[in-house]
S.K.: 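Structure in structure tokens, see below.
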Amino acid sequence: MPVMEPTPSDIDLRTINYEADDGRQLDGFEITSDAETFEGEHTCVIFLHGLRGFALGAGISPIAYPLAREGIQCVSINKRNSGKEYERSDFAEIDRDIAGAVEWATAQGATEVVVWGRSLGATEAAYYQGKRNDPDVDAVVLAAPFADIRERSTRGYFEAVSDDPDEAYENFVDEARDLVDAGRGNEIVALPRPVDGDIEYIPMTAESFLSYRSPESKCATIDWTPDIEVPLLLIPHSSDRNVTPAEAEEIAETATASSLVEVEPIAADHFFTGSEGRVAELTASFVKRARDHQ
């Protein structure tokens, strides 16, 4: 995982507080520079971090810095599933947090809003805009996007612990459902995940596991992209076993309602380490083109 570096001297970093649309109080960070507009627009990019991440973690800030220098207001938010809160969160509620961040941005004077998500955050961005088609959102960026975190990716986890990963996954889902039915949905289950030849166990409550990774979960990008109408940029990475450009192309093919769909692969890891500047360039240039497709 990328190492946090000191904030550059030409970048202004401040904490913000915002309110989800169900009233939950949350926080995040605003990243700006002396440049106040992006080619005449008060553009705000709202960053959504990935699995168990935080607002300034997982490679977000190195992408936000060059965007801020271009005059883009960058806002990276903590959500109800940040860090260890992921263990007991409900994926279906995440759109409430994103709605609150969009409302905060527009209240601050943003005339152009882009929702930008990486990894799990990409699925959250697709879920939000596909579910709501928020008229205040002008474009969506899905970086390192999984097509289906729900079943497809999770089934693969069980290859590390079983010769029949499909059956192992189905048994795990059934056990979680049994706990919920017995009124024990807050009990922790340990989800196995292969990492660098070893096995990591992700703790989650049975309810939370089902909300993210059961067949009935809403956590599948390809379920929501068909309903997104605004311009959509996908940035997959090609030098890591996860989230290949082929998966991004699959997502792009589902985005039949979007007014503009682009896929820009980058030879980088899941955090775009060393290629953050290129990701920022692609984001900024896409925002310009998206203006002609509103």
Side-chain angles (χ1 to χ4, degrees), residues 7 11-50 53-58 60-61 63-82 93-118 120-143 224 228-233 258 279-280 283-291 293-294:
T7 304
I11 295 294
D12 295 317
L13 176 68
R14 74 180 184 98
T15 59
I16 67 165
N17 295 289
Y18 73 99
E19 183 178 293
D21 73 358
D22 61 352
R24 183 160 179 168
Q25 299 297 313
L26 296 159
D27 59 24
F29 295 89
E30 179 190 47
I31 301 168
T32 57
S33 73
D34 289 340
E36 295 183 354
T37 62
F38 181 57
E39 298 197 346
E41 292 284 351
H42 289 277
T43 305
C44 180
V45 173
I46 298 172
F47 285 92
L48 311 178
H49 63 71
F54 292 97
L56 288 185
I60 286 177
S61 52
I63 296 170
Y65 294 156
L67 291 177
R69 294 183 180 108
E70 291 287 325
I72 295 175
Q73 176 191 32
C74 296
V75 176
S76 187
I77 61 170
N78 286 313
K79 303 161 289 178
R80 67 189 66 205
N81 65 352
S82 293
E93 296 179 347
I94 292 300
D95 62 308
R96 297 181 176 277
D97 301 351
I98 304 170
V102 172
E103 183 177 356
W104 182 93
T106 57
Q108 296 294 312
T111 58
E112 183 175 59
V113 175
V114 179
V115 178
W116 192 110
R118 188 193 69 79
L120 174 60
T123 297
E124 294 168 354
Y127 171 54
Y128 176 75
Q129 195 60 18
K131 178 180 180 180
R132 300 198 181 203
N133 267 311
D134 187 337
D136 287 328
V137 172
D138 297 280
V140 173
V141 178
L142 309 182
W224 302 102
I228 295 176
E229 298 174 358
V230 298
L232 181 66
L233 170 65
S258 291
V279 174
T283 300
S285 62
F286 174 73
V287 171
K288 295 177 188 177
R289 290 190 297 279
R291 292 172 178 172
H293 293 81
Q294 297 296 326

S.K.: With rounding to the nearest 0.5 Å, note down the distance linking CG in Asp34 to CG in Asp12.
M.R.: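 If we round to the nearest 0.5 Å, Asp34:CG and Asp12:CG are 6.5 Å apart.
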
S.K.: Counting only heavy atoms not in Glu36 (residues, nucleotides, ligands), do more than 12 fall under 6.0 Å from its CD?
M.R.: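 Incorrect, the count does not exceed 12.
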
S.K.: When rounded to the nearest 0.5 angstrom, what distance separates CD1 in Ile72 from OG1 in Thr37?
M.R.: 10.5 Å

S.K.: Does Trp104 reach the side chain of Ile77, with side-chain heavy atoms less than 4.5 Å apart?
M.R.: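 No. Closest side-chain heavy atoms not under 4.5 Å.
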
S.K.: Tell me if a side-chain donor or acceptor on Ser258 pairs with a main-chain N or O of Glu229 at a distance below 3.5 Å.
M.R.: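 No, because the side chain of Ser258 does not come within donor-acceptor range (under 3.5 Å) of the backbone of Glu229.
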
S.K.: For side chain to side chain contact (heavy atoms under 4.5 Å, CB included), just list the numbers for Phe47 and Ile63, CA-CA rounded to whole Å, side-chain angles, deciding distance to a tenth of an Å, and then say yes or no.
M.R.: CA-CA 10 Å; Phe47 285 92; Ile63 296 170; 4.1 Å; yes

S.K.: Go through Phe38 and Gln73 one step at a time and tell me if the side chain to side chain contact (heavy atoms under 4.5 Å, CB included) criterion holds.
M.R.: CA-CA 9 Å; Phe38 181 57; Gln73 176 191 32; over 6 Å; no

S.K.: Can you list everything that forms a side-chain contact (heavy atoms from CB on, under 4.5 Å) with Ala125? Sequence neighbours excluded, please.
M.R.: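 Checked Ala125 against side-chain contact (heavy atoms from CB on, under 4.5 Å); matches are Leu48, Val115, Val140, Leu142.
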
S.K.: Under 3.5 Å, is there a donor-acceptor pair between the side chain of Ser82 and the main chain of Phe54?
M.R.: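 Answer holds: no.
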
S.K.: Check whether Asp97 reaches the backbone of Arg80 with its side chain - one donor and one acceptor, N or O, closer than 3.5 Å.
M.R.: yes

S.K.: Does any non-hydrogen side-chain atom of Arg24 lie less than 4.5 Å from one of Arg96?
M.R.: no

S.K.: Identify the two heavy atoms, one from Cys74 and one from Ala64, that lie closest to each other, and give their separation to 0.1 Å.
M.R.: SG-O, 3.6 Å

S.K.: Locate the shortest heavy-atom distance separating Trp224 from Ala126; write the atom from each residue and the value.
M.R.: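 Trp224 and Ala126 have their closest heavy atoms at CB-O, 3.2 Å.
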
S.K.: What pair of heavy atoms forms the shortest contact from Ala139 to Val137, and how long is it?
M.R.: O-CG1, 3.5 Å

S.K.: Nearest heavy-atom pair of Leu56 and Ser61: which atoms, and what distance?
M.R.: O-OG, 4.0 Å

S.K.: Any chance CD of Glu103 has more than 12 other-residue heavy atoms, nucleotides or ligands included, within less than 6.0 Å?
M.R.: no

S.K.: Does Gln129 have any side chain to side chain donor-acceptor pair (under 3.5 Å) partners at least two apart in sequence or in another chain, and if so, which?
M.R.: none

S.K.: For Glu41, enumerate each residue passing the salt bridge (Lys or Arg N to Asp or Glu O under 4.0 Å) test, keeping only those at least two apart in sequence or located in another chain.
M.R.: none

S.K.: Test Asn81 against His49 for side chain to side chain contact (heavy atoms under 4.5 Å, CB included), laying out the working first.
M.R.: CA-CA 10 Å; Asn81 65 352; His49 63 71; 4.3 Å; yes

S.K.: So, are Glu112 and Arg291 salt-bridged, with charged N and O less than 4.0 Å apart?
M.R.: yes

S.K.: So do Asn78 and Asp27 actually touch side chain to side chain, heavy atoms under 4.5 Å?
M.R.: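 Asp27 vs Asn78: side chains touch.
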
S.K.: Side-chain contact test, heavy atoms from C-beta onward, threshold under 4.5 Å: evaluate it for Val45 versus Val141 and give yes or no.
M.R.: no

S.K.: Filter on salt bridge (Lys or Arg N to Asp or Glu O under 4.0 Å), then keep only pairs touching residues 120-129, sequence neighbours left out; what's left?
M.R.: Lys79-Glu124

S.K.: About how many Å separate CG of Asp134 and OG1 of Thr106, when rounded to the nearest 0.5 Å?
M.R.: 8.5 Å

S.K.: Side chains of Val102 and Tyr128: closer than 4.5 Å at any heavy-atom pair?
M.R.: yes

S.K.: Do you know which two heavy atoms are closest between Ile31 and Ala68, and how far apart they sit?
M.R.: O-CB, 3.8 Å

S.K.: With Arg132, which residues qualify under salt bridge (Lys or Arg N to Asp or Glu O under 4.0 Å), at least two apart?
M.R.: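 For Arg132, the residues satisfying salt bridge (Lys or Arg N to Asp or Glu O under 4.0 Å) (neighbours in sequence not counted) are Asp21, Asp95.
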
S.K.: Atom CG of Asn17 and atom CG of Leu26: how far apart are they, to the nearest 0.5 Å?
M.R.: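 Going from the CG atom of Asn17 to the CG atom of Leu26 covers 9.0 Å.
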
S.K.: With Thr283, which residues qualify under side chain to side chain donor-acceptor pair (under 3.5 Å), at least two apart?
M.R.: Trp116

S.K.: State, to 0.1 Å, how close Leu67 and Ala284 come at their nearest heavy-atom pair, and which atoms those are.
M.R.: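 Closest approach of Leu67 to Ala284: CD2-CB, 3.9 Å.
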
